[in-house]
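Order of the sequence lines fixes the chain letters, A, B, ..., with proteins taken first and strands second; residue numbering starts at 1 for each chain. Remember, predicted model here, so these are calculated numbers, not experimental data.
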There are 2 protein chains.
Amino acid sequence: MNAPNLSETAFSIAAVERDTGLAKDTLRVWERRYGFPSPTRDANGERLYPADQVEKLRMIRRLLDHGRRPARVVGASIEELSAMLDACLCPEGGAPAGRDDGLLQLVRLHRSVELAAALRQALMKQGLQRFVAETVAPLAAAVGEAWMRGEVDVPEEHLFTEQVQNVLRSAIGAHAASAGRPRVLLTTFPEEEHVLGLLMAEAMLVPEGASCLSLGTRTPLADIRSAAVGGGFDIVGLSFSIAYPARQAIEGLLELRSLLPEGIELWAGGAAVRDKQKRLPGIRVVGDLEDTMAALQEWRARNGAEG
Amino acid sequence: MNAPNLSETAFSIAAVERDTGLAKDTLRVWERRYGFPSPTRDANGERLYPADQVEKLRMIRRLLDHGRRPARVVGASIEELSAMLDACLCPEGGAPAGRDDGLLQLVRLHRSVELAAALRQALMKQGLQRFVAETVAPLAAAVGEAWMRGEVDVPEEHLFTEQVQNVLRSAIGAHAASAGRPRVLLTTFPEEEHVLGLLMAEAMLVPEGASCLSLGTRTPLADIRSAAVGGGFDIVGLSFSIAYPARQAIEGLLELRSLLPEGIELWAGGAAVRDKQKRLPGIRVVGDLEDTMAALQEWRARNGAEG
DNA sequence: CAGACACGTTTGTCCTGGACAAATCAAACT
DNA sequence: AGTTTGATTTGTCCAGGACAAACGTGTCTG
């Protein structure tokens with residue numbers, strides 16, 4: 001009695017917007033067009049979404065992030081959605097997690113203390129760069145896949161991000177602040193809030209003697225420009241998660257490119273820009289973490305003689 | 001020519017919502033009622049907000065966060081708004097920044113390397129808890145004030161947050177993971193993305209032997225509940241920045257209180273809930289960082305004998 | 001056969017103008 | 001001084017229409 005039955009609680013349209021990330025307008029227009037969701041109404045005629053419909057909406061959201069289109073997923077049954085989520089992932093490799101299954105299990109089971117210990121141990125054993133490339137990146141991919149499947153939820157994803165952040169920030173901070181070149185400014189666009197990509201990039205570059213400054217996530221374009229120009233940076237690095245719309249990434253990158261002086265390079269990495277190099281003239285698309293190192297070598301080859 | 005004149009750029013209603021935190025509905029209803037903002041229209045009849053109006057909206061937003069009411073601020077001139085902002089801040093202490101002026105200057109001037117060094121030095125000198133209470137918290141307040149006055153902008157605020165985060169996460173990570181009581185789960189509500197409050201709380205509690213787990217920001221209510229229950233936590237701690245609407249904080253806290261079993265305490269801290277204790281029965285409002293320690297002592301007095 | 005172009009469809013976001021409940025303020029009252 | 005009552009302010013919700021950008025598909029070309 002103290003804990004209300006979750007199956008009976010219902011959510012306002014504002015609550016659903018924040019829990020699913022679907023705009024109020026979108027929720028209303030789906031109802032009009034597809035007949036789903038079909039919320040009840042309170043005494044004042046306002047929508048009340050039952051918990052199971054909210055859950056279904058969250059599954060739909062995940063499928064949309066993977067490129068499905070609404071007409072094919074809004075209105076499908078729970079079972080069909082579940083099947084689609086499986087189909088989204090299976091073809092891309094039978095056992096994608098591999099040796100990191102242990103860590104993924106720790107995330108799943110909320111074993112935060114053990115997770116932190118295991119991460120630190122791996123860091124000690126591998127060194128920062130290999131730790132990022134061989135442990136953190138695959139684990140992040142595995143968590144992302146499990147998230148897509150609905151096997152991990154918000155708290156697990158947060159737990160994972162927090163623990164990795166703790167370890168990486170400590171490790172990066174342990175390096176003496178370098179005055180070396182290139183000077184790299186790292187951040188994301190205003191709609192992107194995933195920070196791990198930035199930290200992984202920083203962790204790869206700092207041991208090489210580059211001088212990195214991360215502004216964290218969600219920096220407006222104009223502010224990226226002024227920070228880069230005012231701070232005397234050689235390179236601006238942007239990170240994009242898989243949820244970031246590719247179209248928006250390209251548009252934003254081209255605009256930023258036109259804002260920046262030619263002397264400052266623009267690098268972009270992450271799932272949203274992979275394989276988009278040809279549509280991004282004047283921008284260095286960094287395919288993966290190893291490619292980051294290659295890009296750094298190239299920069300030094302270009303600028304070493306003159307700089 | 002290469003850099004478009006900022007005074008000529010204009011923003012869509014969605015961009016203004018993102019930059020000011022004012023909902024689209026609110027922007028439209030203000031225009032209808034107060035005649036401000038008064039955006040132009042594009043070829044398609046959609047609102048286009050000039051940059052100076054967006055700037056004014058940001059000032060208005062700051063005043064609303066400080067308790068002013070819309071009728072008195074929407075429609076005032078820039079000069080009047082500026083005067084109100086000064087009046088908001090001056091009475092609360094002539095020289096609020098004091099000894100941290102030096103650090104604030106480093107933030108203002110983007111001296112990231114010096115800032116990081118100064119923070120680490122202060123940490124070494126003061127120890128973690130005093131560092132948080134005497135250096136980080138006043139500096140955060142000073143940055144917040146400067147933000148309110150418009151003297152610092154997005155990049156400075158990000159720079160500050162990142163550097164403090166680096167130092168605090170390193171320091172917290174340096175403590176051996178404790179198995180002690182109480183076990184505290186720290187996070188924020190979905191609309192709140194400021195993380196420093198959580199880190200400061202964690203930095204105060206961990207040296208006392210409490211066992212803290214931070215889930216980071218933006219955790220849905222239902223997930224807070226399941227993480228708290230499943231993880232065997234004694235206390236759930238929520239952090240609210242000054243920008244968080246007090247009404248929404250109270251509503252959310254009461255709802256979460258009803259979701260949590262009685263055995264788990266609920267603590268709330270931050271500007272948005274200060275002095276709201278009487279409206280929050282069953283919830284411990286933590287006034288400031290010292291009060292966090294007091295609350296911890298109280299918990300141990302209550303639970304030490306039996307637990 | 002890869003890639004560029006044109007065309008119909010899908011889809012998210014914006015619009016107007018009305019409505020109302022919750023929050024707040026002001027005044028009268030124990 | 002604190003509480004109750006009534007008037008006003010204010011944010012959010014609703015309906016239903018509109019449209020441009022994104023997308024899928026088929027066609028043509030080198």
Next item on the list: Could you point out which residue of A:Asp19, A:Asp65, A:Asp153 forms a salt bridge (Lys or Arg N to Asp or Glu O under 4.0 Å) with A:Arg58?
Entry: A:Asp153
Item checked: Selected nucleotide, minimal atom distance to A:Pro70 side chain, candidates C:dG12, C:dC14, D:dG24 -> C:dG12
Notebook entry, point to check: To the nearest angstrom, how far is A:Leu27 atom CG from C:dT11 atom P?
Noted result: 15 Å
Note to self: Please determine whether a side-chain nitrogen or oxygen atom of B:Arg28 lies at a distance below 4.0 Å from atom OP1 or OP2 of D:dC14.
What the structure shows: no
Margin query: Counting only side-chain nitrogens and oxygens, does A:Lys24 get under 4.0 Å of the OP1 or OP2 atom of D:dC13?
Written below: yes
Notebook entry, point to check: At under 4.0 Å between heavy atoms, what does A:Arg72 touch on the DNA or RNA strands: base, sugar-phosphate, or nothing?
Noted result: nothing
Checklist line | B:Ile78 backbone acceptor or donor facing B:Ser82 side chain under 3.5 Å | finding: no
Next item on the list: If the plane angle is over 60° it's perpendicular, under 30° parallel, otherwise tilted; pick one for A:Phe240 and A:Phe189.
Entry: perpendicular
Notebook entry, point to check: Using a cut-off of 4.0 Å on non-hydrogen atoms, how would the nucleic acid contact of A:Arg32 be classed: base, sugar-phosphate, or nothing?
Noted result: base
Next item on the list: Measure the distance from CD1 on B:Ile250 to P on C:dT24 and round it to the nearest whole Å.
Entry: 8 Å
Item checked: Nucleotide D:dG11, atom P - distance to CG of B:Leu64 in whole Å -> 7 Å
Next item on the list: Looking only at non-hydrogen atoms, find the nearest pair between A:Lys56 and A:Phe36 and report the distance.
Entry: CD-CZ, 3.7 Å
Next item on the list: To the nearest Å, give me how far apart CZ (B:Phe11) and C1' (C:dC14) are.
Entry: 19 Å
Note to self: It should be established whether A:Arg41 places a side-chain nitrogen or oxygen under 4.0 Å from OP1 or OP2 of nucleotide D:dA15.
What the structure shows: yes
Item checked: Between C:dG18 (C1') and B:Arg33 (CZ): distance, integer Å -> 11 Å
Margin query: Nearest whole Å is fine: how far is C:dT16 C1' from B:Glu31 CD?
Written below: 11 Å
Margin query: Under a plain distance cut-off of 3.5 Å, with no hydrogens placed, do A:Glu145 and A:Trp147 share a side-chain donor-acceptor pair?
Written below: no
Notebook entry, point to check: Are OP1 or OP2 of C:dT13 and a side-chain N or O of B:Ser12 less than 4.0 angstrom apart?
Noted result: no
Notebook entry, point to check: Does B:Tyr34 put a side-chain nitrogen or oxygen below 4.0 Å from OP1 or OP2 of D:dT9?
Noted result: no
Note to self: Can you see if the side chain of B:Thr26 gets near the phosphate of D:dT10 - specifically, an N or O under 4.0 Å from OP1 or OP2?
What the structure shows: no
Next item on the list: Return the nearest nucleotide to the side chain of B:Arg47; candidates are C:dT24, C:dC20, C:dC15.
Entry: C:dC15
Note to self: Just the rounded figure in Å: distance from C1' of D:dC13 to CG of A:Leu48.
What the structure shows: 12 Å
Notebook entry, point to check: Any sub-3.5 Å donor-acceptor pair from A:Ser241's side-chain atoms to A:His194's backbone N or O?
Noted result: no
Notebook entry, point to check: How do A:Ala15 and A:Val29 order along DNA chain D: which one's closest nucleotide is nearer the 5' end?
Noted result: A:Ala15
Check: For DNA chain C, whose closest nucleotide is more 5', that of A:Asp25 or that of A:Glu46?
Finding: A:Asp25
Item checked: Candidates C:dA19, D:dA18, D:dG24 - which lies nearest the side chain of A:Arg69 -> D:dG24
Next item on the list: Give a yes/no answer on whether the side chain of A:Asn44 brings an N or O atom under 4.0 Å of OP1 or OP2 in C:dA21.
Entry: yes
Check: Rounded to whole angstrom units, what separation is found between the CG atom of B:Leu57 and the P atom of D:dG11?
Finding: 12 Å
